Amino acid sequence: MVRYSIFTLARNALTGHEHWPRAWRSPDPRPAYEVVIVGGGGHGLATAYYLAKEHGIRDVAVLERGWLGGGNTGRNTTIVRSNYLHPESAALYDHAVKLWRDLSQVLNFNVMYSDRGVMMLAHSQHDVHILKRHVHANRMAGVDNEWLSPQEAKEYCPPLSIDPRARYPVLGAALQRRGGVARHDAVAWGYARAADALGVDIIQNCEVTAIRRDGARVVGVETTRGYIATKKLGLVVAGHTSVLCAMAGFRMPLESVPLQALVSEPVKPVFPCVVMSNTVHAYISQSDKGELVIGAGTDQYVSYSQRGGLQVIEHALEAICELFPMFSRMRMMRQWGGIVDVTPDRSPIIGKSPVEGLYLNCGWGTGGFKATPGSGHVFAWTIAKDEPHPLAAPFSLDRFTTGRLIDEAAAAAVAH
Ligand code: FAD
Ligand code: PYC
């Protein structure tokens, strides 16, 4: 493990950063691996790390068509919480929240997890009923969540307007104090460095262009850097899952849509927590650099373009300005989009596929960043043992034929 002293930092700064050691290697792909993971986002890299760390499977390649974290991992608004309605979901997301807490120490890389609290606002009686139902269900499942009056919500987040004449009046809020944010790139980099140190090959600029089968089983992938054989293939490609599954010869119950976010100019610390308004599909926090990080809903049409409709962010910003009038004269700096893969019940798919040796981790839609460590952890287990981890078992693909759906449309919170 490389450790840096103040002298190392100074020497590298004064020599034009020429002598920094690489955080991970950049190997050429080998002809075959025991496990190949497609997708170098947080979930794919976490899967590779746990395969090596917890299952002793180090003959692993992660294939990424672009750069690490360049997909939704590096484009998301980093909200972490586990206040989902159904016990299966609360258990899965809470598994992740527990891993987040000491992830920086485990990876020896600061992922800047900050449990500053996530507050979800109610603007109508319908919202009050839904959010209170979540509070009760979470507490039954051993997950913290509490109901706040409008005044208590304002005490927790002073910039919030609780003016009852507002277009979106605040009638109360559900607060998960253990929720918060983390640094998105750092999560990808931390897992990449730790996986690389255990022998995993991380191969960027390597796009999978075809999936090869021998009858019912997977045997390898064609890539822009040549053919790679494997008997175990994990697809962790978020918005491109349907494209990859089509290469393997089957269809998925997924729609890919753009989801966008934006950041303001940086200002001094002013916003102490995360606030989500599910009714208006706007959410906001402040990054450690000082920018307000603001997100909107999804576009209402299927697309692979990494940008979204202007009217969608306009709507989100109108709501943000009404809820937090002090931000009405802030300037916005950057806007971008990611492609999210949405299932009919708004819950992820983790487990086996119709092709032997091909495993799926997808359908996280608008809300998978929070699950990154837990997702990688249970997916690695599933691949290593060729059977679903108990926490992943309810999230199998066959729920769309058995009808055992896990409807998390309300908890997913972002419009889709
Ligand atoms: P990704 O990070 O997208 O990684 C998949 C990788 O696969 C990509 O890097 C891609 O380049 C690669 N790939 C695709 N096709 C191929 C191929 N053929 N060959 C090789 N590689 C390929 N979630 C939350 O929990 N909280 C939030 O606040 C939140 N906010 C969001 C805001 C926005 C604007 C967006 C877009 C998403 C948000 N999400 C949020 C969702 C979250 O970002 C995702 O669920 C999560 O990051 C998915 O991680 P991943 O590793 O599965 O996917
Ligand atoms: O899942 O919490 C979430 C989320 C917030 C913004 C986008 N997704």
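What you are looking at is a predicted structure, and each value in this text was computed from that prediction instead of being measured. Counting starts at 1 for both ligands and their atoms, following the listed order. When reading the values below, keep in mind they use all heavy atoms of this one structure, side chains included, and skip hydrogens, waters and symmetry mates.
The proximity of Val38 to ligand 1, defined as any non-hydrogen pair under 4.0 Å, is limited to the side chain. Residue His240 touches ligand 1 through its side chain alone, judged by heavy-atom distances below 4.0 Å. With a 4.0 Å cut-off on non-hydrogen atoms, Ala188 does not touch ligand 1 at all. Contacts with ligand 1 closer than 4.0 Å are made by backbone heavy atoms (N, CA, C, O) of Thr78 only, the side chain lying farther away. Contacts between Leu63 and ligand 1 below 4.0 angstrom, taking non-hydrogen atoms only, involve the backbone exclusively.
Using a non-hydrogen distance threshold of 4.0 Å, Ala46 does not register as a contact of ligand 1. In this structure, Gly42 is part of the shell of residues with a heavy atom less than 4.0 angstrom from ligand 1. In this structure, Cys362 does not count as a contact residue of ligand 1, since none of its heavy atoms falls inside 4.0 Å of the ligand.
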Side chain to side chain donor-acceptor pair (under 3.5 Å) between His95 and His377, worked out: CA-CA 9 Å; His95 180 51; His377 189 255; 2.9 Å; yes

Arg225 and Asp28: CA distance, side-chain angles, deciding distance, salt bridge (charged side-chain N to carboxylate O under 4.0 Å, His left out) verdict: CA-CA 8 Å; Arg225 298 181 64 180; Asp28 288 327; 2.9 Å; yes

Stepwise salt bridge (charged side-chain N to carboxylate O under 4.0 Å, His left out) check, Arg404 with Asp398: CA-CA 9 Å; Arg404 294 185 65 83; Asp398 69 3; over 6 Å; no

Stepwise side chain to side chain donor-acceptor pair (under 3.5 Å) check, Ser277 with His123: CA-CA 8 Å; Ser277 168; His123 301 295; 2.7 Å; yes

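Some N or O of Phe369 is nearer than 3.5 Å to an N or O of ligand 1, by distance alone. Considering backbone and side-chain atoms together, Gly367 places an N or O closer than 3.5 Å to an N or O of ligand 1. Remark: ligand 1 and Trp67 share no N or O pair separated by less than 3.5 Å (distance only, no angle test). Residue Gly66 has no N or O atom closer than 3.5 Å to an N or O atom of ligand 1. Checking only distances, Trp336 never comes within under 3.5 Å of ligand 1, N or O to N or O. Considering backbone and side-chain atoms alike, Gly368 places an N or O below 3.5 Å from some N or O of ligand 1. The shortest N or O to N or O distance between Thr77 and ligand 1 is below 3.5 Å.
At the top of the distance list for atom 13 (N) of ligand 1, counting protein heavy atoms only, stands Val237 CG1, 3.7 Å. At the shortest separation from atom 39 (N) of ligand 1 among protein heavy atoms lies Thr366 O, 3.0 Å. At the shortest separation from atom 38 (C) of ligand 1 among protein heavy atoms lies Asn76 CB, 3.2 Å. Annotation: atom 25 (O) of ligand 1 to nearest protein heavy atom, Lys370 N, 2.8 Å.
Residue pairs meeting the ring-ring contact (aromatic ring centres under 6.0 Å, His included) criterion with at least one partner in residues 57-78, sequence neighbours excluded, are absent.
Looking at residues two or more places apart in sequence or on another chain, you find a salt bridge (Lys or Arg N to Asp or Glu O under 4.0 Å) between Arg116 and Asp288.
Across His43, Arg65, Glu64, Glu207, heavy-atom proximity to atom 12 (C) of ligand 1 is greatest for Glu64. Between the choices Ala96, Ala261, Ala238, Gly308, the shortest heavy-atom distance to atom 53 (O) of ligand 1 belongs to Ala238.
Each of Thr77, Ile79, Arg81, Met276, Tyr283, Thr366, Gly367, Lys370, Val414 has a non-hydrogen atom positioned under 4.0 Å from some atom of ligand 2.
Using modelled atom types, one finds a donor on one side chain and an acceptor on the other under 3.5 Å when comparing Ser375 with Asn361.
For Tyr304 and His240, the gap between ring centers is short of 6.0 Å.
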Side chains of residues 46-53: which donor-acceptor partners sit under 3.5 Å, not counting sequence neighbours?
unit_1, atom_1, unit_2, atom_2, d
Thr47, OG1, His43, O, 2.6
Tyr50, OH, Tyr191, OH, 2.8

